[in-house]
Amino acid sequence: MRHIKFFDTTLRDGEQAPGFSMKTEEKITLALQLERLGVDIIEAGFPATSPGDFEAVQRVADVITKSSVAGLCRANKNDIQTAWDALKCAKKPRIHIVIATSDIHLQYKLKKTREEALKMATDAVKFAAGLCEDIEFSAEDAIRSDPDYLCQMVESAIDMGASTVNIPDTVGYTVPDEFENLIKYIIKKTPNINKATISVHCHNDLGLAVANSLAAIRAGASQVECTVNGIGERAGNAALEEIVMMLNVRKDIFSDISCAINTKELYRTSRLLSGITGIECQPNKAVVGKNAFSHESGIHQDGVLKNPFTYEIMTPDSVGFPCSQLVLGKHSGRHAFNTRIKDLGHDLDGATLEELFKEFKELADKKKDIFDEDLDALVYGRTSNEKDTFRLDYVCFSSVYHHVPTATVVLPYIDGIKITDASTGDGPVDAVFKAIERISCVQSTLHSYRINSVTAGKDAQGEVVIVVEFNNSGKNIMARGFSTDVLVASAIAYIDALNRYMAKEKFKSEK
Ligand code: KIV
Ligand code: ZN
């Protein structure tokens with residue numbers, strides 16, 4: 001059997017996409033779930049890009065014990081040393097070096113000749129190999145590179161110590177036949193290729209990332225780079241769950257392939273990512289979409305009842321799709337609550353569970369039935385953290401037809417000083433944001449505001465998702481708030497965004 005390694009880059013390429021940025025704690029939670037899922041390598045970030053990325057890579061490297069942890073860097077000593085400083089505490093660290101190899105990137109982006117880039121790459125891999133045993137070399141935009149120059153790069157990188165060579169379709173340009181042929185060509189023309197693992201990294205600009213990755217596996221690639229739910233730059237990366245299930249469902253085609261992924265953790269991992277980022281995947285998303293296993297048409301329903309395999313090529317259970325929607329209510333006890341939270345994939349300590357149980361009881365007083373989505377919202381809505389600068393203590397809105405809306409808020413700073421202020425606004429949401437702005441003295445620009453209903457029903461909780469920029473920093477922050485009162489949810493979301501901004505600023509000033 002040929003073992004295919006799964007290299008997950010949700011925390012690096014995925015997180016790079018607008019709207020998908022994550023807090024360090026969230027990255028750690030996701031990294032632990034990726035390890036539980038069985039990915040071989042977790043790319044935790046790009047340490048030289050920012051102090052926040054450095055810290056996240058270091059903290060992930062610290063907690064992950066079974067998977068390798070990779071950090072991306074460009075082909076220069078500073079990036080490599082920074083990546084190594086963040087990774088060296090990992091049980092299995094991997095330095096991932098990237099340099100472009102296509103003429104268009106060399107000429108316009110790097111402004112280097114092919115010879116100069118080759119020297120940069122070899123120097124970089126040699127330097128990294130002096131620090132770390134596991135080196136991956138990526139030839140960015142490989143698909144649009146001259147194949148012979150690409151082979152020369154790959155051969156030199158392996159000579160200098162790279163144990164994995166990655167062939168990215170950076171711009172999602174290729175088709176399966178062409179990619180399969182390129183991988184075969186590299187295998188044929190690179191004399192030392194058997195000393196390294198061939199990896200592929202496909203983007204989805206034309207919707208072929210998964211198909212291209214599978215073609216590369218057929219051609220001899222033994223590592224695929226992918227992301228949960230296919231998130232990533234532009235149209236995203238190859239979706240991990242789709243590659244995994246293709247290998248599983250079509251064992252007749254991929255009969256010689258094995259991998260370490262526990263497919264029963266796929267749905268949970270997908271939900272965790274959506275929960276953290278607030279971005280749901282589309283209902284018809286392959287493998288993990290809400291509708292992936294629901295049969296609407298009468299003919300299909302009839303067939304499935306007679307034999308599920310008439311319309312189901314894989315079982316919901318095989319990807320961990322929940323079969324039952326257990327409903328909790330105000331009479332449910334701790335045991336049922338804790339069990340359901342665990343079944344939903346949340347790994348929480350006793351104190352947090354206790355705190356959430358109290359919140360669950362309060363929620364159950366306001367709404368009759370508590371669904372899985374409500375429980376997820378309780379977990380993801382946990383914004384209070386001892387490091388937060390602000391907490392919402394009190395909020396009051398006044399909105400009367402033909403009168404100016406107002407909001408009053410009380411925000412205690414964490415050190416205990418309570419500050420009250422009020423503001424008018426175009427509407428009650430605008431008024432509460434302005435009141436918080438007055439207290440915090442942090443100016444904001446709201447880029448987007450969305451309300452979703454967490455479940456069906458008139459008594460459903462509202463989820464408010466906002467994207468806001470503070471102090472014209474150029475950095476958009478996404479945050480969420482949950483409550484049965486959407487105005488309160490708006491205030492909670494704004495304070496969460498503000499705390500995320502304050503944490504970043506504090507981190508920068510401490511560095
Ligand atoms: O798309 C790409 O080429 C990348 C590299 C860093 C592997 O993300
Ligand atoms: Zn990429």
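All ligand and atom numbering here is 1-based and tracks the order in the structure. Note that the structure is predicted; figures quoted are calculated from it, not measured. Hydrogens, waters and symmetry mates play no part in the numbers below; they use all other heavy atoms, side chains included.
Applying the side chain to side chain contact (heavy atoms under 4.5 Å, CB included) test to Ala121 and every residue at least two apart in sequence or in another chain returns Ile99, Phe137, Met153.
In summary, the aromatic rings of Phe46 and His96 are positioned with their centroids too far apart to meet the 6.0 Å limit.
When the shell of 6.0 Å around CD of Glu133 is examined, it contains 12 or fewer heavy atoms from other residues, nucleotides or ligands.
Across all non-hydrogen atoms, the minimal contact from Ile187 to Ile193 is O-CG2, 3.6 Å.
Using modelled atom types, no side-chain atom of Glu43 and backbone atom of Asp13 make a donor-acceptor pair closer than 3.5 Å.
At a threshold of 4.0 Å, the pair Lys290-Glu280 does not count as salt-bridged, since none of the basic side-chain nitrogens sits closer than that to a carboxylate oxygen. Salt-bridge formation is not detected for the pair Lys119/Glu116: no Lys NZ or Arg NE/NH1/NH2 atom is positioned less than 4.0 Å from an Asp or Glu carboxylate oxygen. We find that Arg12 and Asp53 are not joined by a salt bridge, their nearest charged nitrogen and carboxylate oxygen being 4.0 Å or further apart.
Applying the salt bridge (charged side-chain N to carboxylate O under 4.0 Å, His left out) definition to pairs two or more places apart or across chains, those involving residues 181-190 are Glu180-Lys184.
Listed by chain and number, the protein N, O or S atoms at a distance under 2.8 Å from the Zn ion (ligand 2) are Asp13 OD2, His201 NE2, His203 NE2.
Pocket lining of ligand 1, defined as residues with a non-hydrogen atom under 4.0 Å away: Arg12, Asp13, Leu72, Val98, Ser138, Glu140, Asn166, Pro168, Thr170, His201, His203.
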